Protein chains: 2
Amino acid sequence: MSASSRFAVAVHILALLETNANQALSSSSIAASVNTNPVVIRRILGRLNKAGLVHTEYGADGGTRLARAAHEITLNDIYHATENCRILPLHASSPNQDCRCGRTIQPVLSSIFSSAEAAMQQVLANKSLAEVVREMQAQAKPPVVQPS
Amino acid sequence: MSASSRFAVAVHILALLETNANQALSSSSIAASVNTNPVVIRRILGRLNKAGLVHTEYGADGGTRLARAAHEITLNDIYHATENCRILPLHASSPNQDCRCGRTIQPVLSSIFSSAEAAMQQVLANKSLAEVVREMQAQAKPPVVQPS
DNA sequence: TGAATATGAAACAAGTATAGTTACATTTTA
DNA sequence: TAAAATGTAACTATACTTGTTTCATATTCA
């Protein structure tokens, strides 16, 4: 029922690219921040490249940069780039078509599940990478509490 | 991670119980409609029992009935009874805490992911089992198209 | 009392997806 | 040409789901 952690890692990668926008980052340096293997990062970068969210260059001094401004990338863009499957799957094997219930339930569920998923994606679509980075920086410097 | 179809099967089970409310159904008869093994059904019924959505009786002439009226059971109730995990998981292993990005991303993501999940569950909470059954019955008898 | 019917639970196999790792061919730059 | 980087394949370990068999337990009824 759950998605993979690719989505969370992808947001992490893109936030890192945005906060280091002056240089191209290698999969190794990104992996050091995410705390995983560079190949795991490259696999996700492959999806982000295919979606046109980043641009990668080969060779010495190569690496990855954002392909768009951070305020023009939504979390829903990142979600679609990294996850394939429906969040709420139907039956593993088709129900009994000789039963009225078995015949009719899947179209009804499919429609409801699509609405539920759309509501989730709407929240993601309303949040840009730029906002995420801003919230992360606010997290880093918590507001000072006034002494009483 | 693989996705679970427990939620879809659970809705199927409960819709079947509602449309056969005059009798208790055995796991075998339910399995015949879902097109799977009775033990698979009993595993899901165990979760629905624990959540108080159905009531099961042992022995000859035993079986399962709805524990509440269908209009008092929402899809969100069923969702919570059958699925455990968050829909949008964070990193598999904790990011590097020596990196500003690694330190700050998880609380930000966690909050956003909670909002996204809440939006999805709100859609499910607005749909009752009774409505699902009604839509299934409408599916079974499609409206007649007026001849031109 | 005993047979029949049902659940609950344990154990196991098979399939699938993810995460991590190693290895290597390819590309680019200095 | 050497160094540094990517892309990709292959392999392992882990975990979850689905399906299956088996059996103890509970209940009903003849």
Side-chain angles (χ1 to χ4, degrees), chain A residues 1-10 12-13 17 20 23-51 54-65 67 82-96, chain B residues 1-10 12-13 17 23-32 34-51 54-65 67 82-96:
Chain A
M1 149 90 13
S2 52
S4 70
S5 67
R6 276 194 304 268
F7 178 40
V9 173
H12 184 148
I13 292 172
L17 293 179
N20 295 273
Q23 56 187 328
L25 296 188
S26 69
S27 60
S28 294
S29 62
I30 297 172
S33 171
V34 173
N35 195 24
T36 184
N37 191 289
V39 174
V40 172
I41 300 299
R42 291 205 287 269
R43 282 202 282 244
I44 295 174
L45 284 177
R47 292 173 182 255
L48 298 176
N49 262 293
K50 195 179 293 183
V54 300
H55 182 243
T56 296
E57 275 173 2
Y58 263 45
D61 223 50
T64 303
R65 296 170 186 273
T82 51
E83 302 290 337
N84 337 343
C85 300
R86 307 299 300 269
I87 223 88
L88 297 175
L90 294 176
H91 307 55
S93 49
S94 198
N96 184 350
Chain B
M1 284 290 167
S2 42
S4 153
S5 65
R6 277 195 303 268
F7 178 41
V9 172
H12 185 147
I13 292 172
L17 293 179
Q23 56 187 328
L25 295 187
S26 69
S27 60
S28 295
S29 62
I30 297 172
V34 174
N35 196 24
T36 186
N37 191 289
V39 175
V40 172
I41 301 299
R42 291 207 286 270
R43 284 202 278 245
I44 295 174
L45 285 177
R47 292 173 183 254
L48 298 176
N49 262 293
K50 194 178 294 185
V54 300
H55 182 242
T56 296
E57 275 171 2
Y58 263 43
D61 224 47
T64 302
R65 296 170 185 275
T82 50
E83 301 293 339
N84 335 344
C85 301
R86 307 300 300 268
I87 226 88
L88 297 175
L90 295 177
H91 307 55
S93 48
S94 198
N96 183 350

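Computed from heavy atoms alone, side chains included, the values below leave out hydrogens, waters and symmetry copies. Keep in mind it's a predicted model, so treat the numbers as computed, not measured.
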Asks: What is the distance, to the nearest angstrom, from the CZ atom on B:Arg6 to the P atom on D:dG19?
Replies: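 Going from CZ in B:Arg6 over to P in D:dG19 covers 12 Å.
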Asks: For A:Asn37 and C:dA23, what is the distance between atoms CG and P respectively, to the nearest whole Å?
Replies: 12 Å
Asks: Going by atom types alone, do A:Arg43 and A:Asn37 pair a side-chain donor with an acceptor below 3.5 Å?
Replies: no
Asks: Tell me the interatomic distance from A:Ile41, atom CD1, to C:dG20, atom P, rounded to whole angstroms.
Replies: 9 Å
Asks: What is the distance, rounded to the nearest whole Å, between atom NE2 of B:His91 and atom P of C:dT18?
Replies: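 Going from B:His91 (NE2) to C:dT18 (P), I get 17 Å.
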Asks: Provide, to the nearest angstrom, the distance between the NE2 atom belonging to B:His12 and the P atom belonging to D:dT18.
Replies: 15 Å
Asks: Which sits closer to the 5' end of DNA chain D, A:Ser27 or B:Pro38, going by the nucleotide each is nearest to?
Replies: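 Whichever sits nearer the 5' end wins; that is A:Ser27.
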Asks: Would you give the length of the straight line joining atom CD1 of A:Ile44 to atom OG1 of A:Thr36, rounded to the nearest 0.5 angstrom?
Replies: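 Those atoms lie 8.0 Å apart.
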Asks: Output the single nucleotide from C:dT5, C:dT7, D:dG7 whose closest atom is nearest the side chain of A:Arg42.
Replies: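 When the side chain of A:Arg42 is considered, D:dG7 is the closest of C:dT5, C:dT7, D:dG7.
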Asks: How many Å lie between NE2 on B:His55 and C1' on C:dA6, as a whole number?
Replies: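 Taking atom C1' of C:dA6 as the reference, NE2 of B:His55 is at 14 Å.
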Asks: Start at the 5' end of DNA chain C and walk down; is the nucleotide closest to A:Asp61 or to B:Ser93 reached first?
Replies: B:Ser93
Asks: Do B:Val40 and B:Val9 come close enough that some side-chain heavy atom pair is under 4.5 Å?
Replies: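 Counting from C-beta outward, B:Val40 and B:Val9 never come under 4.5 Å.
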Asks: Just checking A:Arg43: base, sugar-phosphate only, or nothing, at a heavy-atom cut-off of under 4.0 Å?
Replies: base
Asks: Please pick, from D:dT6, C:dA19, D:dT25, the nucleotide with the shortest atom-to-atom distance to any side-chain atom of A:Tyr58.
Replies: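 The closest nucleotide is D:dT6.
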Asks: Using the side-chain contact (heavy atoms from CB on, under 4.5 Å) definition, which of the options B:Leu17, B:Ile41, B:Thr64 pairs with B:Leu25?
Replies: B:Leu17
Asks: What's the closest nucleotide to the side chain of A:Val39 if the choices are C:dT5, D:dT18, C:dT21?
Replies: C:dT21
Asks: Write down the distance between CZ (B:Arg86) and P (D:dC16), rounded to a whole number of angstrom.
Replies: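 Value for this atom pair: 17 Å.
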Asks: Of the nucleotides D:dG7, D:dA3, D:dG19, which has the atom closest to the A:Ala60 side chain?
Replies: D:dA3
Asks: Is there side-chain contact between B:Arg47 and B:Asn84, with at least one heavy-atom pair below 4.5 Å?
Replies: yes
Asks: Taking CG from B:Leu45 and P from C:dA6, how many angstroms apart are they, rounded to a whole number?
Replies: 14 Å
Asks: With nearest nucleotide decided by heavy atoms, which residue, A:Glu57 or A:Asn35, maps closer to the 5′ end of DNA chain C?
Replies: A:Asn35
Asks: Does C:dG20 have OP1 or OP2 under 4.0 Å away from a side-chain N or O of A:Thr36?
Replies: yes
